[in-house]
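As the structure is a prediction and not an experimental result, all values here were calculated from the model.
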Amino acid sequence: MGKYSVKKLIPALLGACMLFGTAAGAAPGGPMPAGAAGRFQQIYGAEWQWRQEQKLDAGLPRVDAATQEARRAYWERVLAQLDALDAASLAGEDGVNFAVYRAQVAALLAAQRFREYERPLNADTAFWNDLAYAARKPLRSAADYRAYIAQLHDVPRYFREQMENMRAGLRRGFTPPRVTLAGRERALAEVADAADARSTLYYQPFRQLPASLPVPEQAALRAAAVQAIRDAVMPAFGELHAFMRDVYIPGAGTALAAERLPDGKAYYQSKITEFTTTDLSAAQIHAIGVREMAHIRAEMQATIAQTGFQGDFAAFLQFLRSDPQFYARTPQELLMRSAWVAKKFDAKAAQYFGYLPRQRFAIIPVPDEQAPHYTSGRGGPGVYLVNTYDLPSRPLYSMPALTLHESAPGHAFQMPVALEQKGRPAFRRAYISAYGEGWALYCERLGAEMGIYENAYETFGMLSYQAWRAARLVVDTGIHAQDWTRAQAQAYLHENTALSAHEIETEVDRYISWPGQALSYYLGEMAILDGRRKAEAALGAHFDIRAFHDMVLEMGSVPLPVLERRIDSFIADGGKSPYLAAP
């Protein structure tokens with residue numbers, strides 16, 4: 001996800017690290033500590049260096065089976081080294097680093113053990129989307145452009161290795177369910193059948209080259225790009241399109257449940273652990289979801305009463321889904337409404353945060369080739385993507401909650417704050433879904449406190465989004481551990497949220513093909529809300545909401561148990577923020 005998608009596109013970390021790179025350096029400067037701390041730094045320093053070497057100087061990463069098996073063996077050794085350490089002796093920042101790093105390596109290793117590389121796509125995204133993000137990455141020098149052209153030439157090899165892995169997945173019944181793949185191959189045909197290389201996304205970096213490059217060099221780079229796209233990229237997309245259409249989609253499995261996959265129960269539990277950073281079972285999570293849905297439904301009923309609507313819950317949802325007053329007429333209107341909400345937050349930011357990130361963000365539409373199967377929005381460092389496809393499925397009353405989640409103070413705010421922290425190992429820059437998605441969902445709730453929602457309809461939109469995330473606990477576990485049908489999952493969202501039919505279909509297909517990821521959001525929000533209530537009760541008049549938010553964000557992505565321990569130390573320390581002057 002560029003970084004703005006890594007939270008949802010690639011579980012854990014390796015794909016983003018290998019395709020796009022991350023900050024150099026494994027450890028803060030200074031002498032190596034003694035004992036367990038020193039040994040820990042040696043372990044993660046060596047592993048991080050190895051992880052960077054998995055990237056190629058030019059071209060795309062190797063993903064063939066032999067390379068994947070070597071990675072599994074390497075992480076097996078690293079995990080054994082970590083488990084041999086006296087972790088209890090690691091205090092302070094070392095203790096946090098160890099908890100984050102061990103969970104990270106464990107998730108990477110689990111993915112290799114279950115051979116997740118044999119299904120490198122789901123209903124939401126696929127490995128070829130990574131190339132689209134690379135095409136939008138800023139290039140500044142002639143060397144950058146030449147490296148990008150080398151990547152274009154490497155696409156055929158990269159695609160063939162991916163297809164070999166996918167064939168292996170087909171042979172053992174390890175694929176996304178066929179129903180979630182319908183139509184996903186069309187984007188491949190658009191590239192393969194493009195009228196001209198210059199009309200493809202992959203030529204985009206060459207439309208406006210830096211003025212500092214001599215004109216002859218610009219012409220040579222453009223010619224080289226056209227040749228690479230025409231002779232390498234377009235044929236590779238054509239080969240992949242034929243494979244998807246004729247082999248992969250017809251051969252994909254029909255069972256929906258992750259527990260129906262090879263070693264399915266253990267596989268699904270590994271995804272629960274990865275995406276929630278807890279040891280909760282599917283049954284426990286399902287029960288939490290049912291309980292929370294009941295609480296949110298009561299809030300929704302009270303909000304409906306505030307609108308004066310006469311009718312039952314189902315009638316109110318139908319009213320919201322069908323009345324033209326709730327929908328934008330043009331994509332620009334949707335984008336401008338998003339910008340308005342973002343600026344409303346700016347006016348309130350200093351009242352709720354002591355530390356504000358330096359990085360700003362742009363608001364742009366989801367690219368056309370992704371929009372039909374993409375979620376309603378995505379955010380991250382520098383960008384808030386708004387899906388303007390199918391405007392009747394994008395209600396305006398949901399835009400405030402969506403914007404707070406994806407832009408500021410959600411993902412486009414939280415991620416830069418984490419990246420701006422100094423003196424941490426590079427692996428701390430990775431995204432942990434339970435923390436990041438929990439924070440963003442918490443921001444939707446925070447919007448009510450900040451006065452962002454202007455009427456009961458917008459408040460209901462926020463509550464519908466809360467119900468949507470609580471429903472994910474029920475639906476994800478229902479599909480993957482209780483044999484729910486696709487229609488059953490869609491009906492549950494239709495009956496309990498104000499989501500449009502299009503959104504419900506794309507969301508359920510995402511949950512079916514991406515086990516466990518949907519569990520991150522609500523469990524993460526619960527951890528933050530529970531921690532805040534605990535701090536408010538303990539600190540009383542000394543509780544400062546700015547200090548609490550600074551403390552949560554300053555940590556960056558961490559497992560939920562680590563966050564809970566940090567909140568306890570925040571309380572013990574009197575609720576102080578390093579960014580705020582003492583009263």
Side-chain angles (χ1 to χ4, degrees), residues 1-6 16-24 52 55-62 127-160 187-241 331-332 335 358-371 380-385 388 412 416 419:
M1 254 225 273
K3 199 63 175 172
Y4 41 85
S5 327
V6 75
C17 291
M18 290 195 297
L19 280 176
F20 307 115
T22 50
Q52 302 314 293
K55 298 181 294 180
L56 304 180
D57 291 336
L60 298 166
R62 298 206 173 277
F127 61 88
W128 59 82
N129 296 137
D130 297 333
L131 303 175
Y133 291 111
R136 296 186 183 92
K137 184 179 178 182
L139 304 176
R140 296 182 174 84
S141 67
D144 288 343
Y145 283 93
R146 285 191 289 270
Y148 174 69
I149 291 168
Q151 286 192 337
L152 297 179
H153 278 294
D154 201 29
V155 168
R157 189 273 311 163
Y158 179 63
F159 277 16
R160 284 173 187 144
L188 300 170
E190 290 175 7
V191 177
D193 300 336
D196 182 78
R198 296 175 185 83
S199 67
T200 69
L201 169 68
Y202 306 100
Y203 188 76
Q204 182 172 304
F206 300 90
R207 298 190 187 284
Q208 186 171 358
L209 292 161
S212 58
L213 294 178
V215 172
E217 187 168 18
Q218 291 189 27
L221 288 171
R222 288 191 172 105
V226 168
Q227 186 266 329
I229 296 167
R230 183 191 63 222
D231 297 345
V233 174
M234 292 171 66
F237 270 84
E239 183 180 354
L240 179 58
H241 173 253
Q332 290 72 24
L335 293 167
R358 293 181 59 83
Q359 186 171 20
R360 305 297 88 194
F361 61 87
I363 300 175
I364 61 176
V366 172
D368 291 343
E369 72 274 9
Q370 290 179 274
V383 68
Y384 167 29
L385 288 160
T388 58
L419 292 171

Measuring only between side-chain heavy atoms, which start at C-beta, is Ile149 closer than 4.5 Å to Phe206?
yes
Within 6.0 angstrom of Arg140 CZ, more than 12 heavy atoms from elsewhere
no
From the list Asn129, Leu201, Leu385, side-chain contact (heavy atoms from CB on, under 4.5 Å) with Pro367 holds only for Leu385
Q) Considering residues, nucleotides and ligands other than Asp368, do more than 12 of their heavy atoms fall under 6.0 Å from its CG? A) no
**Request:** Using the side-chain contact (heavy atoms from CB on, under 4.5 Å) rule, take His153 and Asp231 through it: C-alpha gap first, then chi angles, then the decisive distance, then the call.
**Result:** CA-CA 8 Å; His153 278 294; Asp231 297 345; 5.9 Å; no
**Report entry** Gln227 (side chain) donor-acceptor with Ala232 (main chain) under 3.5 angstrom
**Finding:** no
Residues at least two apart in sequence or cross-chain that pass side chain to side chain donor-acceptor pair (under 3.5 Å) with His241, listed by chain then number, are none
Next on the checklist: When you measure from the side chain of Arg222 to the backbone of Tyr203, do you find a donor-acceptor pair of N or O atoms at a distance under 3.5 Å?
Outcome noted: no
When every non-hydrogen atom of Pro205 is compared with those of Ala135, the smallest separation belongs to CG-O, 3.2 Å
Steps toward side-chain contact (heavy atoms from CB on, under 4.5 Å) verdict (Leu213, Leu221):
CA-CA 10 Å; Leu213 294 178; Leu221 288 171; 3.9 Å; yes
ask   = Looking only at atom types and distance, does a side-chain atom of Arg136 sit under 3.5 Å from a main-chain N or O of Gln204, one as donor and one as acceptor?
value = no
d(Asp154 CG, Leu60 CG) to nearest 0.5 Å is 5.0 Å
Heavy-atom closest pair (Ala412 atom, Val383 atom, distance to 0.1 Å) is CB-O, 4.0 Å
**Prompt:** Is the closest side-chain heavy-atom distance between Leu131 and Val155 below 4.5 Å?
**Reply:** yes
Rounded to the nearest 0.5 Å, the CH2 atom of Trp128 sits from the CG atom of Leu240 at a distance of 5.5 Å
Heavy-atom nearest pair, Ala192 first then Phe237, reads CB-C, 3.9 Å
Between Met234 and Val191, the two heavy atoms sitting closest are CG-O, 3.7 Å
Between Tyr202 and Tyr148, does the ring centre distance come in under 6.0 Å? no
Smallest heavy-atom separation, Ala197 atom then Ile229 atom, equals CB-CG2, 3.6 Å
| task | May I ask you to test the Phe159-Pro235 pair for a side-chain heavy-atom distance under 4.5 Å? | result | no
Residues Gln218 and Ala211: closest non-hydrogen pair is NE2-CA, 4.3 Å
